Each structure stands twice: as C-alpha cells, then as structure tokens.
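Notes follow the structure.
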Amino acid sequence: MPGLLDLLTESWQSGEALARALGVSRAAVSKEARRLRAEGYPVEVSRRGYRILPGTPLPHLFHPRGRLGRPYRYLGRVGSTQDVLRAWAEEGAPEGALVLAEVQERGRGRRGRPWESRPGESLTFSLLLRPGLPLSALGLLPLLTGLALREAVGVGGLKWPNDLLAPDGRKLAGVLLEAKAVGEEVAYALLGVGVNVAWAPEGAAFLQAYAPLSRREVLEAFLLRLEALLPLLETPQAFLARYRKASYTLGRPVRVRTAKGVVEGLAEDILPDGSLLVGGVRVGAGEVELLPPIE
C-alpha cells in the first residue's frame, strides 16, 4: 500500500483528500506528516493542506534521463549515504544505483571531515559505479566527477581535485570517492556528492545565489552529464583539456598538504593520471589551499 510520501506532490492537497486516498483518518495523516518531518523529509503543512517542498527528488517526481540513478533509494535520516550504498553494493546493486538522504548524521567529506547539510536545502547522495578500471586510473574519477558537476550547474570553477567553488572562491560542492579493489581492478566505486543548493554553512556558498536550479534539477543534470563523460576515462586527455579550462587551481600559487609533507609553488598542470604538478613536483593526493596571486 502507498504511504503518505508516495502521494505527496509539489501542489497542495487537503488532509481530507489524502486521508480518503490512504483509507485512514485525517488525524492519521497529520500524525504521519509529523513523523516524516521528524525523519528529515521536507513535508510542508499549512491551512491549504500538505505538499512536498518543491524541487525535492521524491522517487515518483525524479526522472533520470539516462541509466545512472536507477535503482533509487530516497531516505530521510541516515548515518551516511556512503555506508548505505556500500552495503547495497555488497548485496549486488547494479551500476547506477543511487542513495539520497535528507539528513546524514555521520556525513563526511574528504579526509574524514564532517559534511554539514540541511534537509530540503542541501543535496547529499551517493552513486554506485562499476567501471572495471585498473587501479592506476582511479585517480581520474574524482576529476571527471567534479567536471560533470561543474558542467551540469554551469557555475564556478574546480579546485583540484574535485571541489566546486563559487565565482568568489567559496565552496559550493564536494565529492568523496571510496572504492573497493579486487586484484588490480576496481570492483566498484562509491561517489559521494554534497551540494549546497539553497543553504551553505558559514564560509561556504550556495548554488541558488548564482543559478535558479532546484535540487532535483541539479541531480538529474549531474547524472546525465556524468554518464556522457564516463567513456572519456579511456582517453583522459579528452576530458582533462576541459577540466583545465574549468580549473580555479591552475596558474595559482598553492600550498598542498600531503602525507609526505607540504608542497608549495605554482600549480602548473594536471598530469595524465590526474595528479597535480606544483612547482615541478608531482602531487598525487593532498589538500590544496589556494594562495593569493603573486603581485
């Protein structure tokens, strides 16, 4: 039987109509709406009735235009979408499986940092890929994902490897890659994406200040763009040229904190394996700080 969430749309519906459709009392509809809100779902309640916050990617309102985003699990409050998707992947979920949550109690970014989000205003999801890549090519996937996000929203630029920055340099979105290897190949990759759509934590930026895109529009556009770009992993120079044009890192003095220490210098190029060339030194992974331009 359908639940209240399955019947909600972006238009207001009366409690009486919903109660009739569900075969319950109006009081039961009200109770269920309160429960859903407590779980983080952006259910709106007013004298006009009930609706879902416009732009919410409810399963019956979300329409991926390609193969990515199917199957889809839309959740309220979870620990982490990465953890939910990893368990699903181990059960045999196919490539393209998507988990989106309104609230992550243990959401994390790169290097284990917490990722702040708000239900109905942030977009936090994880996507399963089974790319069959050699481990040596795995470093290209975060760059490709960042490029797909930049091209999907049409705003800002990329900080190596995959942060999307607003035109003023504040963070709009981030990508977390976690993968499982079998032998020398990638068995599956989990792409965790967080986008500040209608709200941002202090010091960051949100997308709707620059582009009138809803959360659902961002998600659908990103999945379609990523699907179009994925074949280019086999010919990385084809997408790295586009990545370079979208980069806010190249040509800037940077400080990169790596496991082996700090590397500082001019960000000169993105190498074919996705690493960053800084002052003649190859940096494979690290936390980049953009420094003020040299006068």
Side-chain angles (χ1 to χ4, degrees), residues 65-68 95-96 110 127-165 167 169 171-193 195 221-256 258-260 263-290 293:
R65 290 170 281 172
R67 62 184 178 84
L68 300 183
E95 177 168 78
R110 296 180 68 236
L127 177 70
L128 175 65
L129 298 178
R130 296 187 182 274
L133 289 173
L135 285 176
S136 59
L138 190 60
L140 292 168
L141 191 52
L143 279 71
L144 188 85
T145 304
L147 180 62
L149 191 56
R150 166 62 182 80
E151 293 187 352
V153 302
V155 169
L158 297 166
K159 186 178 82 168
W160 183 87
N162 50 27
D163 281 349
L164 179 63
L165 305 184
K171 189 168 181 175
L172 281 173
V175 177
L176 173 66
L177 170 66
E178 297 177 321
K180 177 181 179 179
V182 175
E184 294 300 314
E185 284 203 343
V186 179
Y188 63 75
L190 310 175
L191 288 177
V193 180
V195 186
F222 166 74
L223 293 172
L224 192 64
R225 199 75 214 104
L226 181 63
E227 184 173 340
L229 289 174
L230 278 172
L232 298 184
L233 283 173
E234 297 180 3
T235 54
Q237 290 296 354
F239 85 84
L240 286 177
R242 285 153 68 174
Y243 184 97
R244 292 183 183 102
K245 290 181 180 179
S247 174
Y248 276 5
T249 304
L250 294 180
R252 288 279 301 271
V254 299
R255 181 181 297 122
V256 188
T258 75
K260 296 180 179 179
V263 178
E264 194 166 316
L266 189 71
E268 298 170 341
D269 197 10
I270 305 295
L271 300 179
D273 63 354
S275 57
L276 183 66
L277 188 65
V278 179
V281 177
R282 175 191 171 277
V283 178
E287 188 69 23
V288 172
E289 179 186 354
L290 301 180

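Since the structure is predicted, the reported quantities are computational estimates derived from the model, not experimental observations.
Residues Leu135 and Val186 meet the side-chain proximity criterion, which asks for heavy atoms closer than 4.5 Å. Residues Val254 and Trp160 fail the side-chain proximity criterion, which asks for heavy atoms closer than 4.5 Å. Contact annotation: the side chain of Asp163 never approaches that of Tyr248 to less than 4.5 Å [non-hydrogen atoms, C-beta and beyond]. Residues Arg244 and Asp269 meet the side-chain proximity criterion, which asks for heavy atoms closer than 4.5 Å. Counting only heavy atoms from C-beta outward, the side chains of Leu165 and Leu172 never approach each other to under 4.5 Å. Using a 4.5 Å heavy-atom cutoff, the side chains of Thr145 and Asn162 are not in contact. Contact check for Val195 versus Phe222: no side-chain heavy atoms found under the 4.5 Å cut-off.
In this structure, CG on Leu177 lies 8.0 Å from CG on Leu190, to the nearest 0.5 angstrom. Note that OH of Tyr243 is 7.5 Å distant from CG of Leu250, once rounded to the nearest 0.5 Å. Within the model, atoms CG of Leu191 and CG of Leu68 stand 9.5 Å from one another, a figure rounded to the nearest 0.5 Å. To the nearest 0.5 angstrom, Leu224 atom CG is 10.0 Å from Leu229 atom CG. Note that CG of Leu290 and CZ of Arg255 are 11.0 Å apart. Values are rounded to the nearest 0.5 Å. For the atom pair CG of Leu230 and CZ of Arg225, the computed distance is 10.5 Å after rounding to the nearest 0.5 Å.
Residues satisfying the side chain to side chain donor-acceptor pair (under 3.5 Å) criterion with Ser275, sequence neighbours excluded, are Asp273, Arg282. When the salt bridge (charged side-chain N to carboxylate O under 4.0 Å, His left out) test is applied to Lys180, the partners found at least two apart in sequence or on another chain are Glu90.
For CD of Gln237, the number of neighbouring non-hydrogen atoms (other residues, nucleotides, ligands) closer than 6.0 Å is greater than 12.
Ion pairing of Arg67 with Glu95 is present here, as a side-chain N (NZ or NE/NH1/NH2) and a carboxylate O approach within less than 4.0 Å.
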### Task
Any chance you could lay out the side-chain contact (heavy atoms from CB on, under 4.5 Å) test for Leu266 and Val278, step after step, and finish with the verdict?
CA-CA 5 Å; Leu266 189 71; Val278 179; over 6 Å; no
